[in-house]
There are 2 protein chains.
Amino acid sequence: MADPLYRKIAEDLQRKIESGELEPGQRLPNEEDFRNEYAAARNTVREAIRWLTQRGLVETRPGQGTFVIRRLEPIITTLSADPETGMAGGEGQAAFTEIRRQRERKRELREKARQEREASGEKPSEAETLEIPEGEPRAMPPTVELSFAPGYVAERLRINEGDDVVSRHQQFYIGKTPWSLQTTWYPLALADGGATALTRPRDIEEGAVEYLRKTIGLTQCGYRVRILVRPPNKTEADFFKLPDDGRVQVLSLIRTGYTSTPEFTRGENSPYPFRVTFTVLPADRNQFVFNSGDYPEEIAAPARDSEIASGQQA
Amino acid sequence: MADPLYRKIAEDLQRKIESGELEPGQRLPNEEDFRNEYAAARNTVREAIRWLTQRGLVETRPGQGTFVIRRLEPIITTLSADPETGMAGGEGQAAFTEIRRQRERKRELREKARQEREASGEKPSEAETLEIPEGEPRAMPPTVELSFAPGYVAERLRINEGDDVVSRHQQFYIGKTPWSLQTTWYPLALADGGATALTRPRDIEEGAVEYLRKTIGLTQCGYRVRILVRPPNKTEADFFKLPDDGRVQVLSLIRTGYTSTPEFTRGENSPYPFRVTFTVLPADRNQFVFNSGDYPEEIAAPARDSEIASGQQA
DNA sequence: GCAAATTTGTTCGTATGTATT
DNA sequence: CAATACATACGAACAAATTTG
């Protein structure tokens, strides 16, 4: 036990949290109580709480106290294209339908788990303590901006930095909970060439890909998605109401759409990019799925981190 | 300016880091220097440094000092199946070939950027400061364990908790840098049915999927991948040498393989799961890509977080 | 290889500020 | 407005890790 005092305190509390002795949402004793319980200075107690905060086990609220984190039920987005619509998850209204179905199913599972548990007299399972956000998924109206392509957009659209582009930005919510931020960039030439709805701040009901096919005959021949994790910027931290301590990162999706329609490949070899979408979601409550070949409809229950973790040993 | 003092200090340093005034790898003044520079107590300076640490901008090393973080060149794993081999990224030796190619290309790009920069006399670009780990990708020999299915495995293999399973665990490195941990679980029945290599602690050269097809006629009809982000457990933090402050999370991949070969669907409707793989990688140096349809061979340069971030505004 | 110097890490005590009930 | 609880800030001392001489 060469562990410093604050770590001993933290690990003691961690044990209590993970064993369920302290339940999600429950208030911990205040700093003065801990000072007595562990015979430590207040600063040392605060170090311990900070260590737990950093690992996402507790959160502190000024004037209220320290609380065991209530984890959020993850929202699962399917990234592979739906064979029927050709639309991938996160695109258009299809995503909303999927989320509604997920939430309904999870509420059922949770209720079932609760009943079984009460019958057997055990303590609540983890699945039961996950918080399901209230409300329906919805999209704010898009905002549209005509501007010049920044480097990271130009590179992906294979145009020159500073070329005319149109960007469509949209915010998504689940009830009152912010869910995702999304910005899609198109060369302005597409709008000039007849796809004028790209520059209107209104939803494109049939989806932009279908709209481009219909109006200017541009068909998407494929797409590529890049997935990465990074710290949120200030805009994102504000929008998602992420804690100030930088503990929650964001998942960033970069989706590039390609076409092989000759008019849009600039004489180069196709496939050529015609749009790029940046989507950002908080990493603590979103998961992705993608499928290949034949697979069952049903998706397994939410991955339980702690258990998987323990199976990770050599 | 209602900002507390430690935040003012932190934001001042953040500005210096992001402007390039303080370069990656550079040592910052020590705490005593900052104490004088900002007329603050040592603890207040330490709060500022802690704030920067949490956001991944600096790291502290006892006895040495505080340093601007050198970010790692991300390793990109393609998750969609290779149309030729049917193997998806992270599976078998194919992943290594891809990584070698990536690294070669990035070294070239970096060298090119450096020459252009020196010609123009500007300051180093971000791409140039990213650290490329030394050495070749390699796999440690697998370890094999015969055990009973834990709940989270049983659920995904649609067997009963406690049923006999074989788990194959493997560690991957790039040079001396730990890259990923992976555990794959199969029902032991597959090995009993003739696929005996599953229980041997040796690489299956042709890949397990091909091996199962060859030996017992089990074909994979599809698969599903789940992607999530979570804090590392102790095993993972040790293996990846992640900082003790919990700042770096891990990407967790859960890949379930399905078969429709009648002997292996237990009389139920196919597709039926026959294996599940858990892969864990540090989230600060790994990215995923997947493709659909026709897409260009070439992958765009690594996503530059900070720039994308600024494009995220409404 | 060891001792000294340097630098961050841990712990204590105390006072005051700010958010919430 | 008062009470409660966490947040910020100061000062001080000793411990542990690392580098330097």
Side-chain angles (χ1 to χ4, degrees), chain A residues 1-14 22 25-70 237-238 241-247, chain B residues 1-14 22 25-70 237-238 241-247:
Chain A
M1 286 292 181
D3 271 3
L5 179 53
Y6 80 92
R7 285 282 289 274
K8 286 184 196 160
I9 299 174
E11 278 161 15
D12 186 48
L13 291 170
Q14 180 180 26
L22 294 166
Q26 190 178 335
R27 217 203 87 180
L28 268 53
N30 68 25
E31 292 172 351
E32 177 61 18
D33 294 337
F34 279 138
R35 220 177 71 71
N36 298 326
E37 182 176 348
Y38 292 104
R42 189 177 157 223
N43 279 341
T44 304
V45 170
R46 284 176 59 75
E47 282 297 318
I49 289 171
R50 200 199 293 258
W51 191 89
L52 294 167
T53 302
Q54 200 126 7
R55 278 159 186 72
L57 293 169
V58 305
E59 64 180 334
T60 58
R61 304 184 207 139
Q64 296 186 58
T66 303
F67 300 81
V68 180
I69 282 268
R70 291 180 65 95
D238 286 349
K241 300 190 186 76
L242 300 180
D244 180 57
D245 54 26
R247 162 172 50 90
Chain B
M1 286 292 181
D3 269 4
L5 178 55
Y6 80 92
R7 282 284 289 274
K8 287 184 198 162
I9 300 174
E11 279 161 15
D12 185 49
L13 291 170
Q14 181 179 25
L22 293 166
Q26 190 179 334
R27 218 203 87 180
L28 267 55
N30 69 24
E31 293 171 351
E32 178 62 17
D33 294 336
F34 280 138
R35 219 178 74 70
N36 299 324
E37 180 176 349
Y38 293 103
R42 183 174 165 224
N43 279 340
T44 304
V45 170
R46 285 175 60 76
E47 282 296 317
I49 290 171
R50 205 198 291 255
W51 192 89
L52 293 167
T53 301
Q54 190 106 15
R55 278 157 186 74
L57 294 169
V58 305
E59 64 180 335
T60 59
R61 305 184 206 140
Q64 297 187 57
T66 303
F67 300 81
V68 180
I69 282 266
R70 292 179 67 94
D238 286 349
K241 301 190 186 75
L242 300 180
D244 180 57
D245 54 27
R247 161 173 50 92

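All figures in this text were calculated on a predicted structure; none of them were measured in a lab. Naming: A, B, ... by sequence-line order, numbering from 1 per chain.
The residue A:N43 sits close to a base: some heavy atom pair falls under 4.0 Å. Within the nucleic acid shown, A:I49 has no heavy atom closer than 4.0 Å to any nucleic acid atom. Counting non-hydrogen atoms under 4.0 angstrom, B:R42 reaches a base of the nucleic acid.
Residue B:R27 is the one, among B:R27 and A:P4, whose nearest nucleotide of DNA chain C lies closer to the 5' end (criterion: closest heavy atom). The residue among A:P62 and B:P62 whose nearest nucleotide of DNA chain D lies closer to the 5′ end is A:P62. Nearest-nucleotide positions on DNA chain C place B:R61 closer to the 5' end than the other of B:R61 and A:R7.
Side chains of B:N30 and B:D33 form a contact here, defined as non-hydrogen atoms less than 4.5 Å apart. In this structure, A:E32 and A:N36 have side chains that are in contact, with non-hydrogen atoms separated by less than 4.5 Å. Between B:F34 and B:T44, every side-chain heavy-atom pair lies at or beyond the 4.5 Å cut-off. Side chains of B:T66 and B:T60 form a contact here, defined as non-hydrogen atoms less than 4.5 Å apart. No side-chain heavy atom of A:Y6 sits under 4.5 Å from any side-chain heavy atom of A:R50. Between A:D245 and A:Q54, every side-chain heavy-atom pair lies at or beyond the 4.5 Å cut-off.
Results of the side chain to side chain contact (heavy atoms under 4.5 Å, CB included) test with A:V68 over A:L13, A:L22, A:L52 single out A:L22 as the only residue that passes.
Here the C1' atom of nucleotide C:dA19 and the CD atom of A:E59 are 15 Å apart, to the nearest Å. One can place CZ of B:R35 at 14 Å from P of C:dT7, the figure rounded to the nearest angstrom. Taking atom CD on B:E32 and atom P on C:dT7, their separation rounds to 10 Å, with Å as the unit. For A:E31 and C:dT11, the CD to P distance is 16 Å, given to the nearest whole Å. In this structure, CZ of A:F67 is placed 17 Å from P of C:dA19, rounded to the nearest angstrom. Rounded to whole Å, atom C1' of C:dT21 lies 14 Å from atom CG of A:N30. Rounded to whole Å, atom P of C:dT18 lies 13 Å from atom CG of B:D3. Between the CG atom of B:L5 and the P atom of C:dT18 there is a distance of 14 Å, rounded to whole Å.
Applying the salt bridge (charged side-chain N to carboxylate O under 4.0 Å, His left out) rule to B:E31 yields the partners B:R42, B:R46; only residues at least two apart in sequence or on another chain are considered.
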Pairs under 3.5 Å (Watson-Crick or G-U), crossing ones as [ ], inter-strand ones as |: DNA chain D comes out as .||||||||||||||||||||

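When DNA chain D is scanned in the 5' to 3' direction for atoms under 4.0 Å from non-hydrogen atoms of chain B, the outermost contacting nucleotides are D:dT8 to D:dT19.
Phosphate contact (OP1/OP2 of C:dT7, side-chain N/O of B:T60, threshold under 4.0 Å): absent. Applying the 4.0 Å criterion to OP1 and OP2 of C:dG9, one finds that B:R46 has a side-chain N or O inside that range.
B:K8 and B:D3 make their closest contact through CE-O, 3.4 Å (heavy atoms, listed as atom of the first residue, atom of the second, distance).
A donor-acceptor pair is defined here as one N or O able to donate and one able to accept, closer than 3.5 Å; such a pair exists between the side chain of A:R247 and the backbone of A:T53.
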